[in-house]
Amino acid sequence: RLEAAETAEQILWQLVEMLDDTTNTPSQNEDQTDHDDVLNNDEDIESSDAATNKERENSDKIQLQKQLLIAFNATLNAWAKSDVKQASTRAGELMHKMLASDMVTPDRITINTVL
C-alpha cells in the first residue's frame, strides 16, 4: 500500500505542475481579444468580449480547483489506507502543503480523511 500512496502523491504533484503551467500561460483568447481591440472600435463589443473571456477564465479556474481538490483528497485517502507507520505524518505534511499552496481550500472530505 505504500507504493499506491506514493504513486498517488507523485501524480498529484504532476497535476499541480500542469495546473500551474496552465494558469500562468496567457490563453489564446486573450491574444485574440487584444488583436480584436486594435481592429474594432466598438466599445460595446469589446466590453462584452472581455466580460465573456473573464467569465470563461473564472469558470476554468473553479473547475481546475475542483479537480485539484479531488486529487488532494484521493492522495490523502491513499495515505489514510496505507499500513505504513509514516502514513499519518505524510498525510499531515500533505495537508500542510495544501493549506500553504493557496491553490485549493480543504473541504469536509479533506478534514475527515486526515482525521
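What you see below is based on every heavy atom in this structure, not just the backbone, and it leaves out hydrogens, waters and symmetry mates.
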Inset, instruction - State whether the side chain of T7 and the backbone N or O of E3 hold a donor-acceptor pair below 3.5 Å, judged by distance alone. - result: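 At least one qualifying donor-acceptor pair exists.
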Legend entry - Backbone of A71 reached by a side-chain donor or acceptor of T75 within 3.5 Å: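 Checking the backbone N and O of A71 against the side chain of T75, a donor-acceptor pair under 3.5 Å is found.
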Do any side-chain atoms of residues 107-115 form donor-acceptor pairs under 3.5 angstrom with protein atoms, and if so which ones, sequence neighbours left out?
unit_1, atom_1, unit_2, atom_2, d
D107, OD1, N73, ND2, 3.3
D107, OD1, I109, N, 3.2
D107, OD1, T110, N, 2.9
D107, OD1, T110, OG1, 2.8
T110, OG1, N73, OD1, 2.4
T110, OG1, D107, N, 3.2
N112, ND2, R108, O, 3.2
T113, OG1, I109, O, 2.7

Legend entry - Minimum side-chain heavy-atom gap E93-W79 below 4.5 Å: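 Sidechains of W79 and E93: no contact.
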Inset, instruction - Check whether any side-chain heavy atom of S101 lies under 4.5 Å from a side-chain heavy atom of V16, and answer yes or no. - result: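 Not touching, per the 4.5 Å side-chain cut-off.
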Inset, instruction - Apply side chain to side chain contact (heavy atoms under 4.5 Å, CB included) to the pair M98 and L69, showing each step before the final yes or no. - result: CA-CA 9 Å; M98 182 182 188; L69 179 62; 3.3 Å; yes
Inset, instruction - Begin with the C-alpha distance, continue with both residues' side-chain angles, and end with the deciding distance and a verdict on side chain to side chain contact (heavy atoms under 4.5 Å, CB included) for K97 and W13. - result: CA-CA 11 Å; K97 288 178 184 178; W13 294 121; 3.6 Å; yes
Nearest 0.5 Å, what's the [atom1]-[atom2] distance between [X] and [Y]?
X    : Y   : atom1 : atom2 : result
K81  : L76 : NZ    : CG    : 12.5 Å
E6   : R90 : CD    : CZ    : 5.5 Å
Q10  : L15 : CD    : CG    : 14.0 Å
E17  : Q14 : CD    : CD    : 7.5 Å
T105 : L99 : OG1   : CG    : 8.5 Å

Legend entry - Q67: side chain to side chain contact (heavy atoms under 4.5 Å, CB included) partners, not counting sequence neighbours: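 So Q67 forms a side chain to side chain contact (heavy atoms under 4.5 Å, CB included) with Q63, L64.
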Legend entry - Shortest non-hydrogen separation from A78 to A4 and the atoms involved: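 The answer is CB-O, 4.4 Å.
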